[in-house]
Amino acid sequence: KTESEFHQVEALSLSFQNILQIQNFNGFDSLVKLQLDNNIIQKIEHIGHLTNLTWLDLSFNEIEKIEGLDPLTKLTDLSLYSNWITELKVGLDTLVNLNMLSVGQNLLKSMDEVMNLRQFRNLKMSR
């Protein structure tokens, strides 16, 4: 595909690709749905410019910390299921449209962490 064709892509699935690092998404400005589940990603990075994303699946990876999501204010669905995340205190504050958050099968110290998400009135959680 040419670079101008990347601008038209709205959904991209890269499941089970042994991806170690999130990179090379320049030009995917219209991306609404990004599926990066079942890889070996350790850090959420290089997606802050994908501001049209509403659906992001990072489940079944090796992510330890929620970060790099601040600019993604249109996100409504976020799956971080089955990673190595230990806390929910940071990294979600700007996601004001978040309706679904999946954080089960992580290394959360306690479910008291969920109290940090009180500002999300319509949030449904999967654990």
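Note that this is a predicted model, so its numbers are computed, not measured. Counting begins at 1 with the first residue of the sequence.
- Taking both residues in full, the closest heavy atoms of N39 and L14 are given as ND2-O, 2.9 Å, listed atom of the first, atom of the second, then distance.
- The distance from the CG atom of L107 to the CD atom of Q105 is 9.5 Å, given to the nearest 0.5 Å.
- The shortest non-hydrogen separation linking L50 to F28 is CD2-O, 3.3 Å.
- A donor-acceptor contact shorter than 3.5 Å links the side chain of D57 to the backbone of S59.
- Across E87 and I66, no two heavy atoms sit closer than the pair O-CD1, 4.2 Å.
- Within the model, atoms CD of E62 and CG of L20 stand 8.0 Å from one another, a figure rounded to the nearest 0.5 Å.
- Listed here is the closest heavy atom pair of L95 and L69: CD2-O, 3.4 Å.
- Hydrophobic clustering keeps L98 apart from V32 (ILVMFWY residues linked when any side-chain heavy atoms are closer than 4.5 Å, directly or through intermediates).
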Chi angles and distances behind the side chain to side chain contact (heavy atoms under 4.5 Å, CB included) call for L31, L12 = CA-CA 7 Å; L31 211 53; L12 187 59; 3.9 Å; yes
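- Legend: residues meeting side chain to side chain donor-acceptor pair (under 3.5 Å) with E45, ordered by chain and number and at least two apart, are Q21.
- Within the structure, every pair that satisfies the side chain to side chain donor-acceptor pair (under 3.5 Å) test and touches residues 63-77, not counting sequence neighbours, is listed here: N52-K74.
- Counting only heavy atoms from C-beta outward, the side chains of L72 and T94 never approach each other to under 4.5 Å.
- Taken from CG in L53 to CG in L34, the straight-line distance is 5.5 Å, to the nearest 0.5 Å.
- Residues satisfying the side chain to side chain donor-acceptor pair (under 3.5 Å) criterion with D37, sequence neighbours excluded, are S15, Q35.
- Atoms CG and CD, on D29 and E10 in that order, are 12.0 Å from each other to the nearest 0.5 Å.
- The shortest heavy-atom contact between F25 and L36 is CZ-CD2, 4.2 Å.
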ask   = Between L80 and L56, is a side chain to side chain contact (heavy atoms under 4.5 Å, CB included) present by the stated rule, with each step listed?
value = CA-CA 9 Å; L80 296 166; L56 178 60; over 6 Å; no
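- Under the 4.5 Å side-chain heavy-atom criterion for ILVMFWY residues, no single connected hydrophobic cluster contains both L78 and W55.
- How far NZ of K43 is from CG of N61: 15.0 Å, rounded to the nearest 0.5 Å.
- Taking CG of L58 as the start and OG of S82 as the end, the distance is 12.5 Å to the nearest 0.5 Å.
- Remark: side-chain polar atoms of N106 are paired, donor with acceptor, to backbone N or O of I85 under 3.5 angstrom.
- Connection of I47 to F6 is established within a shared hydrophobic cluster, with ILVMFWY side chains joined at heavy-atom distances below 4.5 Å, either directly or through further cluster members.
- In this structure, G48 and P71 approach most closely via the heavy-atom pair O-CB, 3.3 Å.
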